[in-house]
Amino acid sequence: MAGEENLRVVEELSAIPNRGAGTNGERRASNRLAELLRRSGRDTEVEATYVHANWPAAVALHCVLACVASVLAITQPVPAFALILLTATSLYLDLNARFYLLRTLFFRRGSQNVVSRGSRPSVAERIVLCAGVDAPRTGPVNGPTATRVLARVSGLTALPFTPTRIVFWSTAFLVPVLAARAAGLDAEGIALLQVIPTLLLLAGAFGFAATARSRISPGANRNASAVAAALDAVRRLDAEPPAALDVWVVLSGGSEALGEGMRSFARSHRDELDPRRTIYVCFDSVGRGELRWVRAEGGAVSFPADRSVLDLCELIAEAHRSAAGDGIDAHPVVRGESGDAQALRARRLRALTLTAAVEGERRAAEIATRADVPEAVEARAVEQAATFAVELVRALDRDAARERRGAPEAGAGTTGAPVAATR
């Protein structure tokens, strides 16, 4: 029954055309989800915000400026060094959802976050279940060819190669090279060092510019499946509420704008949610493959998730692996993307991402393509993500209850026995 309900949510969201960040489609989806939460008995609000929806255009601008700096360094090395330093700094802050410089040159669009508070405001410890409402753009940087090539390189190097990481590190590499030119070094070796990163940035400029003008994907796996998993998990938790935790739900707009909607939520609710006592569980593309929890992520560099939460994930996964006939085969993964969880961690909040991927891959299957349709979503994968999240909440609830009784802090001295008890 839960699987059928999850697929209905995926189909309904995917049927809304052009569900991109800051669009009427996103607004329709958010209002529909708010209605579903209210029907389940939850107090729900739709909070207005603004997002720079077309973030690929901002990345393309960074690539153009980095290429200009590289060429300018031939005749004007000092201004070129200042330009590349500004560009690298802006790109780093932008991709890690910390602060926006060049992105502010682009128009903002109205968006919204669907926020459902828990029913126990007196409880200090909170769990926030999160998912993005909007669907991503298609385009060359998200196409099957680029995804397949980068996946192969990632497999060979054990590093999470993504288009955003390639353009960031190409820009960052040019900083010391142009600094050497500004210092008066003009050897042929310096010029050769500029060639490869400049060519990569030129390709990035065309690729991200084309993506900025591309169509919106149906968004079944990314991220209708995540919304379905979040709603499934909260239904189960509302039916049997945790003893020591208050459960919130946030379905963010602008998730595909590198988590800008979630960044807005964290900023507007910073006085309401204690960062030491609130844990965010973010679902992202959980509709196909095997479950993965994200150990670290980021569009430029990797930022780790909370250690105690990661330990609990490992214990839950081990309990499933040791259970005969169990279907959940969850493992940790490091990925080179920025989303809702990264936007939260940029504010020093405790956030974890749950995703899914086919065997041997780091990235979810067929996201940001026209093939991301409901027929490709597996009900089993969505249900497993919800199950894993519920068990994680149960484990955190026991830790919070022990803290109330003066036992060790959450995650300290935790053994496999309590986790197995959730089964």
Side-chain angles (χ1 to χ4, degrees), residues 20-23 50-111 134 136-143 146 150 161-175 177-179 194-216 254-261 263-264 298-301 336-339 342-343 346 368:
T23 63
Y50 291 91
V51 299
H52 299 88
N54 204 344
W55 69 271
V59 177
L61 176 60
H62 285 87
C63 293
V64 169
L65 291 178
C67 289
V68 169
S70 183
V71 175
L72 183 63
I74 299 173
T75 58
Q76 300 291 330
V78 174
F81 171 69
L83 179 59
I84 195 64
L85 186 60
L86 172 64
T87 303
T89 302
S90 174
L91 188 57
Y92 173 83
L93 295 172
D94 192 296
L95 294 179
N96 287 308
R98 288 175 174 263
F99 186 75
Y100 302 136
L101 294 177
L102 295 181
R103 198 196 286 209
T104 58
L105 299 177
F106 294 84
F107 290 112
R108 297 190 303 169
R109 297 181 65 92
S111 184
D134 52 317
R137 292 181 177 273
T138 57
V141 300
N142 295 320
L150 293 178
F161 275 85
T162 58
T164 57
R165 288 206 171 194
I166 290 174
V167 298
F168 169 73
W169 285 108
S170 297
T171 305
F173 183 81
L174 287 175
V175 172
V177 173
L178 299 196
Q194 291 179 236
V195 174
I196 293 179
T198 302
L199 291 176
L200 290 173
L201 287 165
L202 186 61
F206 282 105
F208 279 100
T211 299
R213 297 173 57 84
S214 65
R215 300 172 63 185
I216 306 296
S255 177
E256 292 301 328
L258 303 183
E260 197 167 352
R263 180 176 179 265
S264 173
V301 297
E337 300 177 47
S338 288
Q342 175 54 32

Legend entry - L95 to T164 - nearest heavy-atom pair and separation: CD1-O, 3.7 Å
Legend entry - side-chain contact (heavy atoms from CB on, under 4.5 Å) involving R108 - partner list, sequence neighbours excluded: Y50, H52
Legend entry - Closest contact, heavy atoms only, Y100 versus L258: OH-O, 4.4 Å
Legend entry - Check against side chain to side chain contact (heavy atoms under 4.5 Å, CB included), F106 and W55: CA-CA 9 Å; F106 294 84; W55 69 271; over 6 Å; no
Inset, instruction - Find the distance between OG1 (T23) and CG (D134) and round it off to the nearest 0.5 Å. - result: 7.5 Å
Legend entry - Which residues share a side-chain contact (heavy atoms from CB on, under 4.5 Å) with P136, sequence neighbours left out: S217, R222, E256, A368
Legend entry - G254 versus A21, closest heavy-atom pair with distance: CA-CB, 3.8 Å
Inset, instruction - Could I get the full list of side-chain contact (heavy atoms from CB on, under 4.5 Å) partners for F173, not counting sequence neighbours? - result: V177, L193, P197
Inset, instruction - Using a strict 4.0 Å threshold on nitrogen-to-oxygen distance, state whether R165 and E337 make a salt bridge. - result: no
Inset, instruction - Identify the heavy atoms of A300 and N96 that sit nearest to each other, and give their distance. - result: CB-ND2, 3.4 Å
Legend entry - Contacts of type side-chain hydrogen bond (donor to acceptor under 3.5 Å, both in side chains), residue S264, not counting sequence neighbours: T49
Inset, instruction - Report the residues that fulfil side-chain hydrogen bond (donor to acceptor under 3.5 Å, both in side chains) with R109, sequence neighbours left out, ordered by chain and then residue number. - result: none
Inset, instruction - List for me each residue that meets salt bridge (Lys or Arg N to Asp or Glu O under 4.0 Å) alongside R137, sequence neighbours excluded, and say none if there are none. - result: none
Inset, instruction - Please round to the nearest 0.5 Å and tell me the distance separating atom CZ of R213 and atom OG1 of T138. - result: 12.5 Å
Inset, instruction - List in chain and number order the residues that pass side-chain contact (heavy atoms from CB on, under 4.5 Å) with A172, two or more places apart in sequence or in another chain; answer none if no residue qualifies. - result: F168, W169
Inset, instruction - Kindly check if the number of other-residue, nucleotide or ligand heavy atoms within 6.0 Å of CG (L199) is above 12? - result: yes
Legend entry - Close side-chain approach of D94 to F99, heavy-atom, < 4.5 Å: no
Distance-only donor-acceptor hits, side chain of residues 64-76, under 3.5 Å, sequence neighbours excluded:
{"residue": "S70", "atom": "OG", "partner": "Q194", "partner atom": "NE2", "Å": "3.0"}
{"residue": "S70", "atom": "OG", "partner": "T198", "partner atom": "OG1", "Å": "2.7"}

Inset, instruction - Can you see which heavy atom on A53 is nearest to which on A257, and at what distance? - result: O-CB, 4.1 Å
Legend entry - Heavy-atom closest contact (A209 atom, A60 atom, distance): N-CB, 3.7 Å
Distance-only donor-acceptor pairs under 3.5 Å for side chains of residues 83-91, two or more places apart:
{"residue": "T87", "atom": "OG1", "partner": "L83", "partner atom": "O", "Å": "2.8"}
{"residue": "T89", "atom": "OG1", "partner": "L85", "partner atom": "O", "Å": "2.8"}
{"residue": "S90", "atom": "OG", "partner": "H62", "partner atom": "NE2", "Å": "2.7"}
{"residue": "S90", "atom": "OG", "partner": "L102", "partner atom": "N", "Å": "3.3"}

Legend entry - Qualifying residues under side-chain hydrogen bond (donor to acceptor under 3.5 Å, both in side chains), relative to T171, sequence neighbours excluded: none
Legend entry - N54 vs F107, side chain to side chain contact (heavy atoms under 4.5 Å, CB included): CA-CA, chis, key distance, verdict: CA-CA 9 Å; N54 204 344; F107 290 112; over 6 Å; no
Inset, instruction - Could you please spell out the steps behind the side chain to side chain contact (heavy atoms under 4.5 Å, CB included) verdict for V301 and Y92? - result: CA-CA 8 Å; V301 297; Y92 173 83; 3.9 Å; yes
Legend entry - Student check: side-chain heavy atoms of L178 and P77 closer than 4.5 Å: no
Legend entry - Any residue meeting side-chain hydrogen bond (donor to acceptor under 3.5 Å, both in side chains) with S170, in chain and number order, not counting sequence neighbours: none
